[in-house]
> 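Quick one: the structure is below, questions incoming.
Throughout, protein chains are lettered first and strands after them, A, B, ... in sequence-line order, and every chain is numbered starting at 1. Predicted, not measured: the structure shown is a model, and the values here were computed from it.
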Protein chains: 2
Amino acid sequence: MAKQNTVFKDAYNRCLKLLAETSSLPSEPELGQVLGVSRTTVRAILSRFEEAQLIAWDKRKKNVLRQPRPDDYFPTEETDSLAEIIERSFMRRILAGGAEPGMQINELELAREIGTGTTSVREFLIRFSRFGLIEKRPNSHWILKGFTREFALELTEVREMFELRSAARFVSLPDDHPAWEELREIETLHREMLADIDNRYREFSELDEQFHLLVHKASSNRFIVDFYDIIAIVFHYHYQWNKTNARQRNARALEEHLAYIEALRSHDPAKAEQACRRHLQSARETLLQSIP
Amino acid sequence: MAKQNTVFKDAYNRCLKLLAETSSLPSEPELGQVLGVSRTTVRAILSRFEEAQLIAWDKRKKNVLRQPRPDDYFPTEETDSLAEIIERSFMRRILAGGAEPGMQINELELAREIGTGTTSVREFLIRFSRFGLIEKRPNSHWILKGFTREFALELTEVREMFELRSAARFVSLPDDHPAWEELREIETLHREMLADIDNRYREFSELDEQFHLLVHKASSNRFIVDFYDIIAIVFHYHYQWNKTNARQRNARALEEHLAYIEALRSHDPAKAEQACRRHLQSARETLLQSIP
DNA sequence: GATCTGTCTATTGTAGATAAAAGACAGAAC
DNA sequence: GTTCTGTCTTTTATCTACAATAGACAGATC
């Protein structure tokens, strides 16, 4: 197989949802826009819809014939891109399995285990190497440096420098900057989640990422914003992995975020710095606690 | 061709130099150590030496038969790894040629131009993307973000944060830390270069990199040290590219480095910070001046 | 008994091939 | 005249294959 058609399958599934809500589909370019794919893919989807007798398609007319059934959808396993699959497998291995620092990583073995070609694994490792968890020996293997205490400390050190600076920039953003509106929306989400924390605490990870990314973006510095990728991936998998006291930890973090948001709103740099420091410190502690 | 044998050719050339200075070569493992290659490659080199009647090889005896001639060496173009070739071609294109921001980058076209396969170009672009100069549109092309004024400002902002912190760490290193010895050596090189500045100012680039890397390493933070790669590559090509007033600029930078080194030596954080700031500011100005 | 060599195997780096996806262009439909 | 569709070309994502290189092991040499 040369290329997975995951783009097609994922867009197909999303298009099925659109189809469920209307009696006739819009033009090809418009669909492409909405689904974020090219017209080639849109046309492939429409052809398949026609085959499945979901629509009657004649040039500009795309009339819906019937509602989609559950078995019209492609199974979700088939809609993930190869890169996502590799990332998940790899993170599971290094976080859960025997992740001793110094271990060698073998491209071929990884590829076989994941059931994919070496090229994709190799490209993943190259991309992943910027996270500082692995290192390449040219013409030879990769070395796992491990998710160690040092790693966490180095990561949080930089994170704190960057986030403090970003928060300082944030407070001085002009009032008509769209970030303020976004901050307000995020605040609302925080309050909603906190009101129903027992049921919703698992959703915190995503909101956490959204909030901190917004803060980092205020730096207008691509290196600072890009660095947030590293933090996000570490915390993302960290949340999946370490579930002890999750409810309580997340509730506390939500409270801290709210204080932090309020401080940003005050436009007072000193208040913002203080709230930021307080939250970052507890985030750091949480992370460190999870490392043996 | 599956794999270039540049490792072999480069090691062969270096081994020729060793051969010129002795009457018999050491053991295979020792040669591998010295040349930084595996025994397989060492044995390939020895075989070739034998064919070229440079040595008489019988098990542990590797007696030199004649001195190497200039034409025994492989031409230097053949000893560069593919990655180096691609990097150079690419940097030339984006720094010298029409480097309008927003331009699309085409893997296939680049590969054809450089005369290599797409895989290598692709991997290079992935690795290079962490420098923030290009960005990928999945399933589609890369976009050149360009060596712009914003890029330089964002880069120097982070650089200054990192270097100030590293310098602060440096002054508090214990007296027996090897960094102090290295600093002394670097200082000597500075004085030597300054004494013969008219002839040697072109060598500054390399010394500059060595010095700042030493400072960054004091941070003991892999993210800070890794970030220095970006600075190094930008300044490296920048020096090659912008030669106006090179002599004068480099002389000034050398003086600033010496003041900076002295401040580090004083163990006084305030002095170090001041000297660091002063130098970073002029480095920033120099960089900005070269951008249209 | 330590180190070296001969031989063999496993893995990486790179090219080439191919399906999926993007995108360009001309003519058709509004 | 703008937007859409049909068709075609180009480019990317991925697999497979193979030479270069690394690395392992047993027996030879010191």
> Using whole Å, report how far CD of B:E28 lies from C1' of C:dG6.
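Nearest whole value for this atom pair: 9 Å.
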> What is the separation between atom CG on B:L110 and atom P on C:dA15, rounded to the nearest whole Å?
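The distance from CG of B:L110 to P of C:dA15 comes to 13 Å, rounded to the nearest Å.
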> Relative to the 5' end of DNA chain C, which residue comes earlier, B:P138 or B:R39, by the nucleotide with the nearest heavy atom?
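Result of the comparison: B:R39.
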> Of the listed nucleotides (C:dA15, C:dT12, D:dC25), which one gets closest to any side-chain atom of A:L108?
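Taking heavy atoms from C-beta onward, the closest nucleotide is C:dT12.
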> Is there a side-chain polar atom (N or O) of B:S27 under 4.0 Å from OP1 or OP2 of C:dT3?
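Negative; the distance criterion is not met.
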> In whole angstrom, give the distance that lies between atom CZ of A:R43 and atom P of D:dC8.
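Value for this atom pair: 12 Å.
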> Under 3.5 Å, which protein N or O atoms sit close to an N or O of nucleotides 16-20 of chain C? Give each pair with its distance.
residue	atom	partner	partner atom	Å
C:dA20	O3'	A:Q4	O	3.3

> Out of C:dA15, D:dT11, D:dC15, which nucleotide sits closest to the side chain of A:L82?
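Of the options given, the side chain of A:L82 lies nearest D:dC15.
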> Fit a plane to each ring of B:F147 and B:F151, take the angle between them on a 0 to 90° scale, and name the class: parallel (under 30°), tilted (30 to 60°) or perpendicular (over 60°).
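The rings of B:F147 and B:F151 sit tilted, inter-plane angle from 30° to 60°.
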> Is atom CD of B:E113 surrounded by more than 12 heavy atoms (other residues, nucleotides or ligands) closer than 6.0 Å?
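Yes - once you tally the heavy atoms of other residues, nucleotides and ligands closer than 6.0 Å, there are more than 12.
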> Pick the nucleotide of DNA chain C nearest each of A:E107 and A:T41; which residue has the one closer to the 5' end?
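On the 5' side of the pair lies A:E107.
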> CG of B:N139 versus C1' of D:dA13: gap in Å, rounded?
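Rounded to whole Å, this separation is 7 Å.
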> Whole angstroms only, please: what is the CD1-P distance between A:I86 and D:dT14?
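For the pair A:I86 CD1 and D:dT14 P, the rounded distance is 8 Å.
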> In whole angstroms, how far is the C1' atom of C:dT5 from the CG atom of B:L25?
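Going from B:L25 (CG) to C:dT5 (C1'), I get 15 Å.
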> State whether A:R130 and A:D226 are salt-bridged, where the test is any N-O pair (Lys NZ or Arg NE/NH1/NH2 against Asp/Glu carboxylate O) under 4.0 Å.
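Result for this pair is no, no salt bridge flagged.
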> When you check the phosphate oxygens OP1 and OP2 of C:dG23, does a side-chain N or O of B:S140 lie under 4.0 Å from one of them?
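Yes, B:S140 has a side-chain N/O under 4.0 Å of OP1/OP2 on C:dG23.
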> Could you check whether atom CD of B:E109 has more than 12 heavy atoms from other residues, nucleotides or ligands sitting under 6.0 Å from it?
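Yes, enclosed.
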> How many whole angstroms separate atom CD1 of B:I85 from atom P of C:dG13?
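About 16 Å, once rounded to whole Å.
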> Indicate whether OP1 or OP2 belonging to C:dG23 is found under 4.0 Å from a side-chain N or O atom of B:H141.
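Answer is yes, contact under 4.0 Å.
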> Would you tabulate the nitrogen or oxygen pairs shorter than 3.5 Å linking the protein to nucleotides 27-30 of chain D?
residue	atom	partner	partner atom	Å
D:dT29	O2	B:R60	NH2	3.4

> Classify the ring geometry of B:Y12 against B:F74: parallel below 30°, tilted from 30° to 60°, perpendicular beyond 60°.
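The rings of B:Y12 and B:F74 stand perpendicular, inter-plane angle above 60°.
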> Could you check whether any side-chain N or O of A:D10 sits under 3.5 Å from a backbone N or O of A:T79, counting only pairs where one atom can act as donor and the other as acceptor?
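Absent.
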> How close or far is atom C1' of C:dG13 from atom CH2 of A:W142, stated in whole angstroms?
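Atom CH2 in A:W142 sits about 12 Å away from atom C1' in C:dG13.
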> Using the ring of B:F8 (Phe, Tyr or Trp, six-membered ring only), decide whether B:R48 places NZ or CZ under 6.0 Å from its centre and within 45 degrees of its axis.
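No - B:R48 does not lie over the ring of B:F8 by the 6.0 Å and 45° rule.
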> Should we count CD of A:E181 as having more than 12 external heavy atoms under 6.0 Å?
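Correct, the count exceeds 12.
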> Let me spell it out: for each of B:N106 and A:E123, pick the nucleotide of DNA chain D with the closest heavy atom. Which residue's pick is nearer the 5' end?
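Looking at DNA chain D, the more 5' nearest nucleotide goes with B:N106.
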> Does a side-chain N or O of A:K9 approach OP1 or OP2 of C:dA21 to a distance below 4.0 Å, or not?
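Looking at the OP1 and OP2 atoms of C:dA21, neither is under 4.0 Å from any side-chain N or O of A:K9.
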> Can a side chain N or O of B:T40 be found less than 4.0 Å away from OP1 or OP2 on D:dG23?
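The answer is no; no side-chain N or O of B:T40 sits under 4.0 Å from OP1 or OP2.
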> Under 4.0 Å between a side-chain N or O of B:R122 and OP1 or OP2 of D:dA13?
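Yes, within the criterion.
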> By the definition ring-ring contact (aromatic ring centres under 6.0 Å, His included), identify the one residue from A:F128, A:Y237, A:W142, A:F131 that meets it with A:F90.
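The residue from A:F128, A:Y237, A:W142, A:F131 that satisfies ring-ring contact (aromatic ring centres under 6.0 Å, His included) with A:F90 turns out to be A:F128.
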> Any side-chain heavy-atom pair from B:I94 and B:I105 closer than 4.5 angstrom?
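They are not in contact (no side-chain heavy atoms under 4.5 Å apart), so the answer is no.
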